[in-house]
Amino acid sequence: MQSKETFLLVDCNNFYVSCERLFNPKLEGRPVIVLSNNDGCVVARSQEAKKLGVQMGEPFFQVRERCKAWGVIVYSSNYALYGNLSSRVMEILKTFSPDVEIYSIDEAFLRFDAEMPLEAVASEIRKRVRQWVGIPVSIGIGPTKTLAKAANKIAKSGSSIFDLRSRPVQEEMLHKLVPRDIWGVGRSTAETLQTLGIYTARDFRDAATTLIRRQLGVVGERTQLELQGISCLPLEEATSPQSICRSRSFPHVITDIGIIAEALATHASCVAERLREERCVTSAISVFLEAMRKPSERTRDYFSVAAALPSPTYDTTQLIRAAKQGLERIFRSEMRYKKCGVVALDVAAERDVELDLFTERVDPRRKRLLETMDVVNQGAGKRILTFAATGVGRAWEMRSEKRSPRYMSSWRELAMVMAK
DNA sequence: TCTGGGGTCCTAGGACCC
DNA sequence: TCTGGGGTCCTAGGACCC
């Protein structure tokens, strides 16, 4: 008989804020928020900031004045720092179970096969991550991933660890959660459930399967089964991504094709770099532009074009060339552009790609050149070596006015310690 | 006048996640 | 003036084929 499996969901508390606090302990106990790229909207909030009513995803310009009045400390996002701390946390988690699925930058599922004293394991995980990296985490325990997620939600609001394995506890807690609290239930699904008279997570779990299947499709049905304790979402193996996208909004409207070409060349090189990092190749890219329709309106026009590459590749030059050709096909001089991006489609692991006699292999000399660039850029900081097409003016670059130093990835930005 | 049935593949769009 | 970015999966509908 297959042994019973249990899932732990480990989630870093207010992750980006916790990262900032690590290097600036004065932020402890104070309201802190972190903004998205371009300082556009709020993507992380400390407990204190949540209490003040700063909403997740709220546009920053709408809360700026309130933040000033309340003394909220504001940071631009610093992904170099968060990425680095994230991998340290994940390394620790891997020492507790061989079965770890890194679900996002700040959370991971761990699977345990046997019946184990998992509450003890969970508190050891919390202790070790706190001690070795300095980040506080919450942990949910459940017989399925969806229940572990729900347990984590409960853990967040108090005890830091919550076990949702026992049936009576499930009865009680699922009655307290609304469908929207459940992983996989978004706004639209929650509305549908409401019209069906389903108001709690427990109602959802106990509703007629045929009804759920008809109204919500296989996705909804799976979520329902998971709530019943029947595991349908296995731990995902780490696989190569299917697509890799890189895009940025401009800080202001841009109409100049030359500047957009530089931005796209930069995005194309980032995509290529990531492909090499993942040991992947792409056989087609898509280029897209977004333009403002009217100055006052939020609505955007979206233009995109896909282009096949001569052969599966991770070569920056080929991606830049294809991006440029794509741009020429969709660019209109009268449009007011606000964002652009490059997507690698059809991404596959390099070793899985069958090269026949006629497809061009990446030239070994070019391969060495690209590898060298990657090594230099990783060691000395990003963008030491770049392709000329990516430009030097960088008139399109985003606002990031309140970014903390890259303490862990840039020699120039190391923390300073005064010793007397 | 009246126009089958079954299958595959691809794409766009929606929904959801962090 | 100022509203992010990067993913996944599913579904419906069209094109195409026999």
Side-chain angles (χ1 to χ4, degrees), chain A residues 9-16 33-45 55-65 67 74 76-79 82-83 86 101-109 145-146 149 152-153 156 179-193 213-223 232-233 236 238-253 267 270-271 274 278 284 286 288 290 292 294-300 302-306 308 336 338-347 397-401:
Chain A
L9 178 69
V10 181
D11 187 315
C12 302
N13 299 345
N14 319 323
F15 184 54
Y16 298 170
I33 61 172
V34 178
L35 304 178
S36 64
N37 279 313
N38 243 325
D39 294 347
C41 45
V42 179
V43 290
R45 305 159 296 158
Q55 297 299 308
M56 183 68 177
E58 202 172 354
F60 179 55
F61 77 92
Q62 283 176 12
V63 276
R64 179 180 274 135
E65 287 310 311
C67 285
V74 181
S76 301
S77 37
N78 183 348
Y79 289 104
Y82 312 150
S86 169
E101 174 191 341
I102 298 175
Y103 180 68
S104 75
I105 192 165
D106 72 338
E107 64 188 289
F109 288 101
K145 286 166 93 176
T146 303
K149 271 283 221 184
N152 187 270
K153 174 117 198 152
K156 278 256 144 73
R180 192 69 179 79
D181 291 329
I182 300 303
W183 189 39
V185 178
R187 204 170 52 95
S188 155
T189 304
E191 275 168 19
T192 307
L193 288 173
R213 174 64 209 242
R214 197 169 54 237
Q215 294 285 327
L216 304 179
V218 294
V219 182
E221 189 183 6
R222 269 201 297 254
T223 301
C232 333
L233 301 171
E236 302 278 345
T239 51
S240 350
Q242 298 170 17
S243 65
I244 295 174
C245 172
R246 163 83 191 203
S247 69
R248 284 293 177 271
S249 297
F250 305 134
H252 46 81
V253 163
H267 297 335
C270 285
V271 169
R274 172 91 198 281
E278 299 279 347
S286 158
F288 70 86
E290 269 180 41
M292 305 258 290
K294 282 185 198 158
S296 55
E297 278 179 36
R298 178 93 213 256
T299 50
R300 304 263 182 99
Y302 182 86
F303 309 90
S304 76
V305 59
R336 310 169 65 246
K338 197 64 180 85
K339 180 177 181 176
C340 71
V342 172
V343 192
L345 311 160
D346 261 334
V347 175
E397 274 207 322
M398 62 180 185
R399 270 187 294 268
S400 185
E401 288 161 0

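Every chain is numbered from 1 and lettered A, B, ... according to where its sequence line falls, protein lines coming before strand lines.
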For A:E278, enumerate each residue passing the side chain to side chain donor-acceptor pair (under 3.5 Å) test, keeping only those at least two apart in sequence or located in another chain. A:R274
Nearest-nucleotide wise, let me know which of A:S240 and A:K338 is further upstream toward the 5' end of DNA chain C. A:K338
Would you check if the side chain of A:N38 reaches a backbone N or O of A:S249 as a donor-acceptor pair within less than 3.5 Å? yes
Rounded to whole Å, OH of A:Y103 lies from P of C:dT8 at a distance of 11 Å
What residues, two or more places apart in sequence or in another chain, satisfy side chain to side chain donor-acceptor pair (under 3.5 Å) together with A:R213? A:E221
Is there a donor-acceptor pair under 3.5 Å between the side chain of A:S36 and the backbone N or O of A:C41? yes
All N/O contacts under 3.5 Å from nucleotides 5-7 of chain C to the protein, with atom names and distances to one decimal?
from: C:dG5; atom 1: OP1; to: A:S249; atom 2: N; distance (Å): 2.6
from: C:dG5; atom 1: OP2; to: A:S249; atom 2: OG; distance (Å): 2.7
from: C:dG5; atom 1: OP2; to: A:K339; atom 2: NZ; distance (Å): 3.3
from: C:dG5; atom 1: O3'; to: A:R248; atom 2: NH1; distance (Å): 3.1
from: C:dG6; atom 1: OP1; to: A:S247; atom 2: N; distance (Å): 3.2
from: C:dG6; atom 1: OP1; to: A:R248; atom 2: NH1; distance (Å): 3.2
from: C:dG6; atom 1: OP2; to: A:S247; atom 2: N; distance (Å): 2.8
from: C:dG6; atom 1: OP2; to: A:S247; atom 2: O; distance (Å): 3.3
from: C:dG6; atom 1: OP2; to: A:S247; atom 2: OG; distance (Å): 2.5
from: C:dG7; atom 1: OP1; to: A:R274; atom 2: NH1; distance (Å): 2.6
from: C:dG7; atom 1: OP2; to: A:C245; atom 2: N; distance (Å): 2.4
from: C:dG7; atom 1: OP2; to: A:C245; atom 2: O; distance (Å): 3.4

Distance in angstrom units between A:I33 CD1 and C:dG4 C1', rounded: 14 Å
Worked verdict on A:V74 versus A:F60 for side chain to side chain contact (heavy atoms under 4.5 Å, CB included): CA-CA 10 Å; A:V74 181; A:F60 179 55; 4.0 Å; yes
In whole angstrom, what separates A:F15's CZ from B:dC17's P? 21 Å
For nucleotides 11-15 of chain C, tabulate all protein N/O to nucleotide N/O atom pairs closer than 3.5 Å, reporting atom names and distance.
none

Check the distance between B:dC18's C1' and A:Y79's OH and give it to me in whole angstrom. 10 Å
Please report the distance separating the C1' of B:dC17 from the corresponding atom of C:dG4, rounded so that it comes out in whole Å. 15 Å
Could you give the CG-to-P distance, from A:D346 to C:dT8, as a whole number of Å? 12 Å
A:E107 near the nucleic acid: base, sugar-phosphate alone, or nothing, with a heavy-atom cut-off under 4.0 Å? sugar-phosphate
What is the distance, rounded to the nearest whole Å, between atom CD of A:E65 and atom P of C:dT1? 15 Å
Sorted by chain and number, sequence neighbours left out, side chain to side chain donor-acceptor pair (under 3.5 Å) with A:E397 holds for A:R394
Only counting residues at least two apart or in another chain, list the ones meeting side chain to side chain donor-acceptor pair (under 3.5 Å) with A:S76. A:D39
Between B:dC17 atom P and A:M56 atom CE, what is the distance in whole Å? 13 Å
Spacing of A:D11 atom CG relative to B:dC18 atom C1', expressed in whole Å: 9 Å
Taking salt bridge (Lys or Arg N to Asp or Glu O under 4.0 Å) as the test, write out the residues that go with A:D346, two or more places apart. none
May I ask you to say what A:D39 touches in the nucleic acid, namely base, sugar-phosphate or nothing, with a heavy-atom cut-off under 4.0 Å? nothing
Please name all residues satisfying side-chain contact (heavy atoms from CB on, under 4.5 Å) with A:F61, sequence neighbours left out, ordered by chain then number. A:P59, A:R64
Assuming nearest nucleotide by heavy-atom distance, tell me which of A:F60 and A:R222 is located more 5' along DNA chain C. A:F60
Classify the nucleic acid contact of A:S77 as base, sugar-phosphate or nothing, counting any heavy atom under 4.0 Å across all strands shown. nothing
Taking Watson-Crick (N1-N3 plus N6-O4 or O6-N4) and G-U wobble (N1-O2, O6-N3), each under 3.5 Å, can you produce the dot-bracket string of DNA chain B? Use [ ] for crossing pairs and | for inter-strand ones. ....||||||||||||||
Sequence neighbours excluded, which residues qualify as ring pair (Phe, Tyr, Trp, His ring centres under 6.0 Å) partners of A:F303? none
Under the salt bridge (Lys or Arg N to Asp or Glu O under 4.0 Å) test, residues paired with A:E236 that sit two or more places apart: none
Scan A:I102 against the nucleic acid and name what it touches under 4.0 Å (heavy atoms): base, sugar-phosphate only, or nothing. nothing
Kindly write out the residues that satisfy ring pair (Phe, Tyr, Trp, His ring centres under 6.0 Å) with A:Y16, not counting sequence neighbours, or none if the list is empty. A:Y79, A:Y82
